[in-house]
Amino acid sequence: MFTVHPTARLRPSPFYEATLAEGLQTASVYNRMIMPASYGDREAEYWRLINGVSMWDVAVERQVQLTGPDAGRLAQILSPRDLSKCKVGQGKYVALCNHDGVLINDPILLKLDEDRYWFSIADSDIWFWARAIGAERGLRVKVEEPDVSPLAVQGPKAEDVVASIFGDWVRGVKYFWFRETEIEGIPVAVQRSGWSKQGGFEIYLKDRSKGTQLWNIVREAGQPWGIGPGAPTSAERTESGLVSCGGDTDDTTNPFEVRLGKYVDLDVPDDTIGIQALRRIAADGPRRHQLGLVLEGNRPDPLKFAWEDIRSGGRKVGDMTNCVWSPRMQANIGYALISSAITPGMPVEVMRAGGAVKARLVELPFL
Ligand code: THG
């Protein structure tokens, strides 16, 4: 075992002390922060998410705030999804692309005001990108990181827990919509969102000095429903078909290849970054697509670090980009980023460390 050497470059989450007190066992790094991964019993944490309620320190979902008269303009320039009908209090899942139409991040965009937005980002440096584009285009917009840290409450019992804290109004909050409020004097925003398909909310803490206090409020309110600490769960997200940008994608992947084409509107303004390339890709048809893989074998064999080759008829046709044991399917399942010529039902094998493994291709999501 090793411990993490603290430095000012590795910003601690406001919930860091609370997660240590809970017995945090494993973590990874995301947006140059420590991301809690498990408290020692992944299987129990998985079932708590499926059947009950789980709370996650996801402060690594850092916010990039746009403010000023051109904030909405910049948000649209960065997002090839039509934002013209996005209302204050609404969130939208967006696929940020570079000028070649390559996916560089897949944040949730929150519209806090006509002239204030947050990108709640995945793991890449959008702060630099947004500020550079805003400056190069001469826009009247400030780009900065606000003091905001999400805490996710996920699972079928999450709504009961969050309603017991904030009131029954949370039951009426629509998917990806949010409201700013406070609890015991702690300023927060409460959104129906989260990186699972088991339902739930994210509580965006707006005062980093109150992390332990907010953690304990949720922990205590959740007791009647058996809440416990957890983390974004690779088995559940894979079963549910959620994308992990940077994990399931490489530096040539476009949104159409990973089922995000429905978040690309080809008629957004011509100055939207990447839209010319995306129109071309849409017209030509993407070269690859993303399918599910169900592998033969009945022992867990997760993918470690690198993608693994997928072969058909003796030649490479794609990559297996993740692989996890699914407790509900009792199989190793994964994603294929694979030639568009290969379709569900065609025989493939995955070149794993222990040798070739036969796999069945299916449409996503699995469940
Ligand atoms: N919550 C918040 N910020 C985030 C994430 C989050 N930032 C990083 C990362 N997660 C961004 N990635 C995703 C990926 C998928 C979804 C949300 C954020 C998601 N997708 C649904 C799906 O694909 O079925 C719904 C999409 C839709 O219908 O619009 O939820 O989790 N704050």
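For ligands, and for the atoms within them, numbers begin at 1 and follow the listed sequence.
The closest side-chain heavy-atom distance from Y335 to S244 is not below 4.5 Å. Taking 4.5 Å as the limit, every side-chain heavy atom of I310 sits out of range of all side-chain heavy atoms of E349. The side-chain heavy atoms of Q330 and W325, taken from C-beta on, include a pair separated by under 4.5 Å. Within the 4.5 Å cutoff, side-chain heavy atoms of I275 are placed close to those of R279.
In this structure a side-chain-to-backbone donor-acceptor pair under 3.5 Å is present from E257 to N254. N332 places a side-chain N or O within 3.5 Å of a backbone atom of D301 that can act as its donor or acceptor partner.
Residue contacts with ligand 1: S193 is placed with no nitrogen or oxygen under 3.5 Å of a nitrogen or oxygen of the ligand (distance criterion only). Between Q191 and ligand 1, a contact under 3.5 Å exists for no N or O pair.
To the nearest 0.5 Å, atom CD of residue E296 and atom NZ of residue K358 are 6.0 Å apart.
When the options F15, W56, Y39 are evaluated for a side-chain contact (heavy atoms from CB on, under 4.5 Å) with P229, the one that passes is Y39.
Only side-chain heavy atoms of Y30 come within less than 4.0 Å of ligand 1; its backbone N, CA, C and O stay farther off. In P150, neither the side chain nor the backbone holds a heavy atom less than 4.0 Å from any atom of ligand 1. The backbone and the side chain of D106 each have at least one atom closer than 4.0 Å to an atom of ligand 1 (non-hydrogen atoms only). With a 4.0 Å heavy-atom cut-off, ligand 1 is reached by the backbone of I121 but not by any atom from C-beta on.
Close approach to G194 involves these atoms of ligand 1, each under 4.0 Å from a residue heavy atom: 31 (O). Shown in contact with Y204 at under 4.0 Å from a heavy atom are these atoms of ligand 1, numbered in order with element: 32 (N). Applying the 4.0 Å criterion to heavy atoms of A122 picks out, from ligand 1, the atoms 7 (N), 8 (C).
Y175 OH, 3.2 Å is the protein heavy atom nearest to atom 25 (C) of ligand 1. At the shortest separation from atom 7 (N) of ligand 1 among protein heavy atoms lies S120 O, 3.0 Å. Ranking protein heavy atoms by distance to atom 4 (C) of ligand 1, first place goes to E61 CD, 3.4 Å. Distance from atom 23 (O) of ligand 1 to its nearest protein heavy atom, with residue and atom name: L242 CD2, 3.6 Å.
Looking at Y263, W195, Y93, F176, it is Y263 that brings a heavy atom closest to atom 28 (O) of ligand 1.
Below 30°, between 30° and 60°, or above 60°: for W118 and Y204 the angle between ring planes is between 30° and 60°, a tilted geometry. Relative ring orientation between Y93 and Y263 is described as perpendicular, the plane-to-plane angle rising above 60° on a 0-90° scale split at 30° and 60°.
For K197, the closest heavy-atom approach to ligand 1 falls below 4.0 Å.
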